[in-house]
Amino acid sequence: MGTEDQGVEAGDGPVLVPVQINVARPKQPVVARVVESRTVTNGRSNSFVRHFAIDLSGTPLAGTFRPGQAFGVLAPGLDARGRAHNVRLYSTSSPTWGEDGQGAVIATTVKRLIDERKPQRDGDDPEDHSLFLGVCSNYMCDLAVGDEVLVTGPAGKRFVLPERPESHQYLFMATGTGIAPFRGMVLDLLEGPEGPVPGEVHLVMGAPYSTDLLYHDQFLDLAERHGNFHYHQAISREHYQGRWGRYTHHVVDDNADTFADLLRDDRSLIYMCGLSGMEVGMFQCLAANGMADGYIKVPQELADVPPWEWDAETTRKRVRPSKRFLVEVY
Ligand SMILES: Cc1cc2nc3c(=O)[nH]c(=O)nc-3n(C[C@H](O)[C@H](O)[C@H](O)COP(=O)(O)OP(=O)(O)OC[C@H]3O[C@@H](n4cnc5c(N)ncnc54)[C@H](O)[C@@H]3O)c2cc1C
């Protein structure tokens, strides 16, 4: 069994919490049972996102997941080539103690992939615009409480909290279901058995419409109860809090003084999860506000260009986050 229980030494970055990985591989998945499936958007939204919890009791996966790790789901049936579907990964949105206090029930935040069919490769019919339904996300969202599901994991060891969470301060940036790991991490940091961490914890959640905010009430409640937790929203396609067209990095740019104070502390960490497009704006924002030090490495070819004029392609390919800037985009 390929378990990994060494903390990840990250050079000039934090030592990350030790985790287990690959306790159940795709050839030997465990059978879990769905115990909860509820809509988790903020009112009536155009996207369908569910808080989906499974019970792993009695399986070797019970108690093995840490926030930031993912579990795999094997959807039944065959793909277009007649083979069993590949595993799809879903970040756990639960704290270390799970949804049940024991780590046996873990949740994720799953979004139905729904679209019109578009050509993906040479030979695909460009006129085919029939309904496209993602295999695994729709399978999961269709399941009912009591149904069985085949699960693998844990996956991932580089996007987890530090081993000594109380020694750090945090900026979490999410779009869409990228919020999943941060629900778990924020709960670990604020509501853990050892009491809340002393440092500041900022969460920036980005969504196209305010109805797409996920776990909104839960984060509002946590912010109400914990003075060191700050919950910010960036809404890109509607007026929200008097602003139009805000992406996650705009929250940092608009509150540069607050975030400069936070990020100047060499124990501060940035975590980013969600759409890959998030990175470029944040890289530019850090450089434009003099906050790049310790978080990103700017290549020579961009060093003399004003950050807001950086070419997106070059920025994406050549600017490198440091070990204090942990990124998981998909
Ligand atoms: C580490 C990690 C964590 C993740 N965590 C989460 C999570 O917490 N929540 C979550 O919802 N997802 C998460 N994902 C994404 C998840 O793994 C799946 O990729 C997602 O749910 C889509 O899977 P699916 O089987 O529904 O879609 P699939 O059936 O796999 O369809 C997606 C694929 O179909 C093709 N396609 C897409 N659109 C079209 C179209 N319009 N026409 C034709 N073909 C198209 C593309 O090739 C695309 O890759 C995570 C991914 C990773 C890597």
Side-chain angles (χ1 to χ4, degrees), residues 19 21-22 26 29 34 36-41 45-54 65-95 99 106-143 149-160 172-186 205-207 212-215 271-279 326-330:
V19 294
I21 58 170
N22 298 332
V34 180
E36 190 180 0
S37 177
R38 64 178 159 87
T39 298
V40 78
T41 43
S45 159
N46 284 335
S47 55
F48 302 100
V49 187
R50 293 190 154 264
H51 176 76
F52 177 87
I54 50 173
F65 285 88
R66 305 295 299 239
Q69 291 190 287
F71 60 87
V73 172
L74 286 162
L78 302 175
D79 66 18
R81 291 178 296 178
R83 300 188 201 153
H85 290 298
N86 285 334
V87 165
R88 268 55 161 194
L89 293 177
Y90 294 89
S91 302
T92 169
S93 50
S94 302
E99 303 295 303
I106 59 164
T108 186
T109 315
V110 55
K111 177 177 178 179
R112 284 186 189 270
L113 194 158
I114 304 175
D115 206 346
E116 288 192 341
R117 201 168 291 275
K118 297 184 188 87
Q120 301 289 302
R121 51 190 76 82
D122 291 349
D124 284 357
D125 178 0
E127 298 303 321
D128 182 1
H129 57 269
S130 58
L131 183 64
F132 176 83
L133 294 176
V135 170
C136 196
S137 57
N138 286 286
Y139 160 69
M140 289 164 73
C141 288
D142 286 351
L143 289 174
V149 57
L150 295 179
V151 173
T152 67
K157 60 181 179 184
R158 299 195 179 276
F159 193 77
V160 292
F172 296 120
M173 304 185 75
T175 48
T177 56
I179 197 69
F182 301 144
R183 176 180 180 267
M185 290 183 186
V186 165
M205 168 72 193
D212 297 316
L213 291 168
L214 307 175
Y215 301 111
Y271 288 72
M272 175 177 276
C273 187
L275 301 172
S276 55
M278 301 171 73
E279 279 175 298
L326 296 90
V327 179
E328 182 155 280
V329 288
Y330 51 85

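No experiment lies behind these values; they were computed from the predicted model shown. We count ligands from 1, going down the list as the structure has it; atoms in each ligand are counted the same way.
When distances from atom 51 (C) of ligand 1 to the protein are checked, a heavy atom turns up under 4.0 Å.
Distance from atom 26 (O) of ligand 1 to its nearest protein heavy atom, with residue and atom name: S137 OG, 2.6 Å. Closest to atom 29 (O) of ligand 1 among all protein heavy atoms lies V135 N, 2.8 Å. Of the protein's non-hydrogen atoms, K111 N, 3.0 Å is the one closest to atom 11 (O) of ligand 1. Nearest non-hydrogen protein atom to atom 53 (C) of ligand 1 is Y330 CB, 4.2 Å. Looking at atom 47 (O) of ligand 1, its nearest protein heavy atom turns out to be Q120 OE1, 3.4 Å. For atom 27 (O) of ligand 1, the closest non-hydrogen atom of the protein is G134 CA, 3.3 Å. With hydrogens left out, the protein atom closest to atom 1 (C) of ligand 1 is E328 OE2, 3.8 Å, a heavy atom. For atom 42 (N) of ligand 1, the nearest non-hydrogen atom of the protein is K118 N, 2.9 Å.
Here the CG-CZ distance, from L214 to R50, works out to 13.0 Å after rounding to the nearest 0.5 Å. To the nearest 0.5 angstrom, H85 atom NE2 is 10.5 Å from Y139 atom OH. To the nearest 0.5 angstrom, N138 atom CG is 5.5 Å from I114 atom CD1.
Side chains of D212 and T41: a donor-acceptor N/O pair is absent below 3.5 angstrom, by distance only. With no hydrogens or angles considered, a side-chain donor-acceptor pair links Y330 and T177 at under 3.5 Å. For the residue pair S94/E99, the side-chain donor-acceptor check at 3.5 Å is satisfied.
E116 and K118 are not joined by a salt bridge, as no carboxylate oxygen comes within less than 4.0 angstrom of a charged side-chain nitrogen.
Of the candidates N86, V49, L89, D79, the one placing a heavy atom closest to atom 16 (C) of ligand 1 is L89. Comparing Y90, F132, Y139 by heavy-atom distance to atom 10 (C) of ligand 1, the nearest is Y90. Looking at R88, Q69, E116, it is R88 that brings a heavy atom closest to atom 23 (O) of ligand 1. For atom 5 (N) of ligand 1, the candidate residues are S91, G72, C273, S130; the nearest heavy-atom contact is made by S91.
With sequence neighbours left out, F52 forms a ring pair (Phe, Tyr, Trp, His ring centres under 6.0 Å) with no residue at all.
Residue R121 places no N or O, backbone or side chain, under 3.5 Å from any N or O of ligand 1. Considering backbone and side-chain atoms together, D115 places an N or O closer than 3.5 Å to an N or O of ligand 1. Considering backbone and side-chain atoms together, L113 places no N or O closer than 3.5 Å to any N or O of ligand 1. Residue T109 has at least one N or O atom closer than 3.5 Å to an N or O atom of ligand 1. Considering backbone and side-chain N/O atoms, C136 comes within less than 3.5 Å of an N/O atom of ligand 1.
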Run Y215 and H51 through ring-ring contact (aromatic ring centres under 6.0 Å, His included) and show every step you take. CA-CA 9 Å; Y215 301 111; H51 176 76; 5.5 Å; yes

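F65 and F71 have perpendicular rings, their planes meeting at more than 60° on a 0 to 90° scale where under 30° would count as parallel. The aromatic rings of F172 and Y271 lie tilted to each other, with the angle between the two planes from 30° to 60°.
Heavy atoms of T108 found under 4.0 angstrom from ligand 1 belong exclusively to the side chain.
Here the side chains of F182 and M173 are not in contact, with every heavy-atom distance at 4.5 Å or above.
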